[in-house]
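Data block below; observations after.
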Amino acid sequence: MTYYADLTPYTYDRDNCARGETGAGIWRDVPLINVGWLEHGQPYEQGDPPSGLAAVLIRMSRTHRAHQTRGFHSCPFCASRMLGSRASHPQGSAEIWVMGRGVAYAAPELTAHYVGDHGYMPPTAFIQTVLATA
């Protein structure tokens with residue numbers, strides 16, 4: 001997967017953004033920013049996320065799904081990626097978009113796995129937005 005530092009401007013799928021996916025409705029004129037675009041070898045914030053955050057993100061991968069792709073991204077941190085079968089390791093193929101206060105967040109659907117299994121601590125404003133949306 002592509003690495004982007006948390007809270008940087010979203011640039012991953014600019015072609016779809018240019019066609020109007022983010023230019024209509026609630027997404028119009030709202031900055032879209034990155035959260036959870038992690039990659040092996042890149043540092044990320046770790047800690048004890050609030051109870052239930054991973055479960056809410058899993059639910060949001062169905063209710064706030066955006067930019068479905070044709071392929072899958074595998075978790076870059078799980079050993080099963082190298083040792084197990086393809087079905088045995090976490091994969092994602094879309095993004096979670098959620099509206100915050102004056103910004104929208106774009107996170108890969110693997111963010112729930114990163115929080116639950118790898119101690120990833122997303123930015124506070126993202127956590128607050130996600131839990132308030134639940």
Side-chain angles (χ1 to χ4, degrees):
M1 183 161 47
T2 304
Y3 169 79
Y4 297 104
D6 283 346
L7 305 180
T8 58
Y10 177 87
T11 59
Y12 179 69
D13 197 359
R14 303 246 330 138
D15 291 340
N16 280 329
C17 293
R19 285 197 296 264
E21 187 167 320
T22 62
I26 65 170
W27 308 107
R28 181 178 214 91
D29 299 325
V30 177
L32 186 59
I33 59 176
N34 296 308
V35 171
W37 294 85
L38 309 183
E39 185 56 68
H40 189 274
Q42 295 289 339
Y44 62 90
E45 194 70 33
Q46 293 183 291
D48 294 319
S51 177
L53 179 62
V56 172
L57 287 167
I58 289 169
R59 189 167 50 252
M60 290 181 99
S61 71
R62 292 184 300 275
T63 61
H64 290 69
R65 192 175 196 85
H67 288 175
Q68 176 67 52
T69 63
R70 292 183 182 182
F72 290 93
H73 293 287
S74 297
C75 174
F77 307 112
C78 286
S80 65
R81 178 176 185 225
M82 301 302 239
L83 304 174
S85 68
R86 177 172 274 185
S88 71
H89 57 267
Q91 298 176 333
S93 63
E95 298 169 14
I96 299 167
W97 284 16
V98 61
M99 184 64 71
R101 291 185 172 196
V103 299
Y105 300 99
E109 70 179 318
L110 277 173
T111 302
H113 170 71
Y114 299 152
V115 168
D117 292 342
H118 299 292
Y120 169 56
M121 179 67 88
T124 301
F126 175 77
I127 293 171
Q128 291 170 343
T129 298
V130 165
L131 293 178
T133 304

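Annotation: the span from His40 atom NE2 to Cys75 atom SG amounts to 10.0 Å, rounded to 0.5 Å. Rounded to the nearest 0.5 angstrom, Leu53 CG and Asp48 CG are separated by 12.0 Å. From Leu131, atom CG reaches atom CG of Leu57 across 8.0 Å, with rounding to the nearest 0.5 Å. To the nearest 0.5 Å, atom OG1 of residue Thr111 and atom OH of residue Tyr120 are 6.0 Å apart. Distance check, rounded to the nearest 0.5 Å: CG of Leu110 to OG of Ser61 gives 9.5 Å. We find the CG-CH2 distance between Asp6 and Trp37 to be 11.5 Å, quoted to the nearest 0.5 Å.
Under the side chain to side chain contact (heavy atoms under 4.5 Å, CB included) test applied with Glu109, the options Met60, Arg65, Arg62 reduce to a single match, Arg65. A side chain to side chain contact (heavy atoms under 4.5 Å, CB included) with Thr133 holds for exactly one of Arg59, Met99, His64; it is His64.
Residues His118 and Cys78 are in side-chain contact: their nearest non-hydrogen atoms beyond the backbone lie under 4.5 Å apart. Put simply, the side chain of Phe126 does not reach to within 4.5 Å of the side chain of Leu7, judged on heavy atoms.
Counting all heavy atoms, side chain and backbone alike, Pro31 lies closest to Gly102 at CD-O, 3.3 Å. Considering every non-hydrogen atom in both Tyr3 and Pro43, the closest pair reads OH-O, 4.1 Å. Scanning both residues, Gly47 and Pro49, for their nearest heavy atoms gives O-CD, 3.1 Å. Between Tyr105 and Gly100, the closest heavy-atom pair is CE1-CA, 4.0 Å. Between Pro108 and Gly36, the closest heavy-atom pair is CG-O, 3.2 Å. The heavy-atom pair separating Pro123 from Val35 by the smallest distance is CD-CG1, 3.8 Å.
Under the 4.5 Å side-chain heavy-atom criterion for ILVMFWY residues, no single connected hydrophobic cluster contains both Ile58 and Val98.
Without hydrogens or angle criteria, Glu95 side chain to Ala66 main chain gives no donor-acceptor distance under 3.5 Å. Side-chain atoms of Asn34 do not come within 3.5 Å of backbone N or O of Ala107 as any donor-acceptor pair.
Ring geometry for Tyr44 versus Phe77: interplanar angle of 30 to 60°, hence tilted.
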